[in-house]
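What you see is a predicted model, and the numbers here were worked out from it, not measured in a lab. Residue numbers run from 1 in the order of the sequence given.
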Amino acid sequence: QVRLVESGGGLVQAGGSLRLSCAASGGTFNNYRMAWFRQAPGKERAFVSTINRSGAGTYYADSVKGRFTISRDNAKKTVYLQMNSLKPEDTAVYYCAGDVWETAITLRAGYRNWGQGTQVTVSS
């Protein structure tokens with residue numbers, strides 16, 4: 001079991017950037033595929049991006065492709081989400097997730113470990 005804590009959220013104007021961090025503890029971080037999801041008010045939690053154990057493999061939702069970049073530092077047990085060219089529709093609570101499984105990697109059900117989330121608000 002790994003404990004995940006997100007940070008880096010905040011209020012930003014449209015077109016701006018933010019970098020989210022997710023620090024892991026209590027597990028062997030290198031064994032975990034990591035992901036970011038987001039949940040806007042009144043909507044289901046949605047997949048944003050995922051990264052494999054080594055960091056060499058990444059995948060993005062179409063809505064963020066080309067604007068967001070996921071990365072990880074296994075030595076620091078941290079995964080990042082660099083968000084550029086932010087839009088008001090990116091406003092949501094962003095959640096970090098991780099699991100040793102390699103199935104359902106774009107689905108909420110594919111991850112058993114979750115952080116508590118960090119709010120990102122993009123103003124127009």
**OP:** Spell out, yes or no, whether Val12 and Val48 are grouped together once hydrophobic residues are joined by side-chain heavy atoms under 4.5 Å, including indirect joins.
**Re:** yes

**OP:** Identify whether Val64 and Met83 are in the same connected component of the hydrophobic contact network (ILVMFWY, side-chain heavy atoms under 4.5 Å).
**Re:** yes

Minimum side-chain heavy-atom gap [X]-[Y] below 4.5 Å:
| X | Y | value |
| --- | --- | --- |
| Trp36 | Cys96 | yes |
| Tyr32 | Asn113 | yes |
| Val122 | Val120 | yes |
| Leu4 | Met34 | yes |

Original post:
Hey, what do you get for CG (Asn74) to CG (Asn30), rounding to the nearest 0.5 Å?
Top reply: 4.0 Å

To check you understand the geometry: which heavy-atom pair defines the closest contact between [X] and [Y], and what is its length?
| X | Y | result |
| --- | --- | --- |
| Ser49 | Leu81 | CB-CD1, 4.4 Å |
| Arg72 | Ser54 | CD-C, 4.4 Å |
| Gly117 | Val93 | CA-CG1, 3.8 Å |

Subject >> Listed once per pair and sorted, the disulfide bond (SG atoms under 2.5 Å apart) pairs that draw on residues 42-86, sequence neighbours left out >> reply: none

Original post:
Which disulfide bond (SG atoms under 2.5 Å apart) pairs, counting each pair once, include a residue from residues 41-74, with sequence neighbours left out?
Top reply: none

Original post:
Which is it for Arg108 and Trp114 under the side chain to side chain contact (heavy atoms under 4.5 Å, CB included) test, yes or no, and what are the steps along the way?
Top reply: CA-CA 10 Å; Arg108 185 175 178 176; Trp114 292 85; 3.5 Å; yes

Subject >> Heavy-atom donor-acceptor pair, Thr50 side chain to Tyr59 backbone, under 3.5 Å >> reply: no

Subject >> Whether Thr118 side chain and Gly9 backbone form a donor-acceptor pair below 3.5 Å >> reply: yes

Original post:
Who pairs with Arg38 by salt bridge (charged side-chain N to carboxylate O under 4.0 Å, His left out), at least two apart in sequence or on another chain?
Top reply: Asp90

Considering residues at least two apart in sequence or located in another chain, which fulfil the side chain to side chain donor-acceptor pair (under 3.5 Å) criterion with [X]?
| X | answer |
| --- | --- |
| Lys65 | Asp62 |
| Arg3 | none |
| Glu44 | none |
| Thr69 | none |

For residues 13-29, run the donor-acceptor check on the side chains, cut-off 3.5 Å, and write out each pair with its distance to 0.1 Å, sequence neighbours left out.
from  : atom 1 : to    : atom 2 : distance (Å)
Ser17 : OG     : Asn84 : OD1    : 2.9

Original post:
Which residue pairs pass the ring pair (Phe, Tyr, Trp, His ring centres under 6.0 Å) test when at least one of the two sits in residues 75-112, sequence neighbours left out?
Top reply: Phe37-Tyr111

Any pair counted as salt bridge (Lys or Arg N to Asp or Glu O under 4.0 Å), so long as it reaches [range], sequence neighbours left out:
| range | result |
| --- | --- |
| residues 75-84 | none |
| residues 6-18 | none |
| residues 95-107 | Arg33-Glu102, Arg53-Glu102, Asp99-Arg112 |

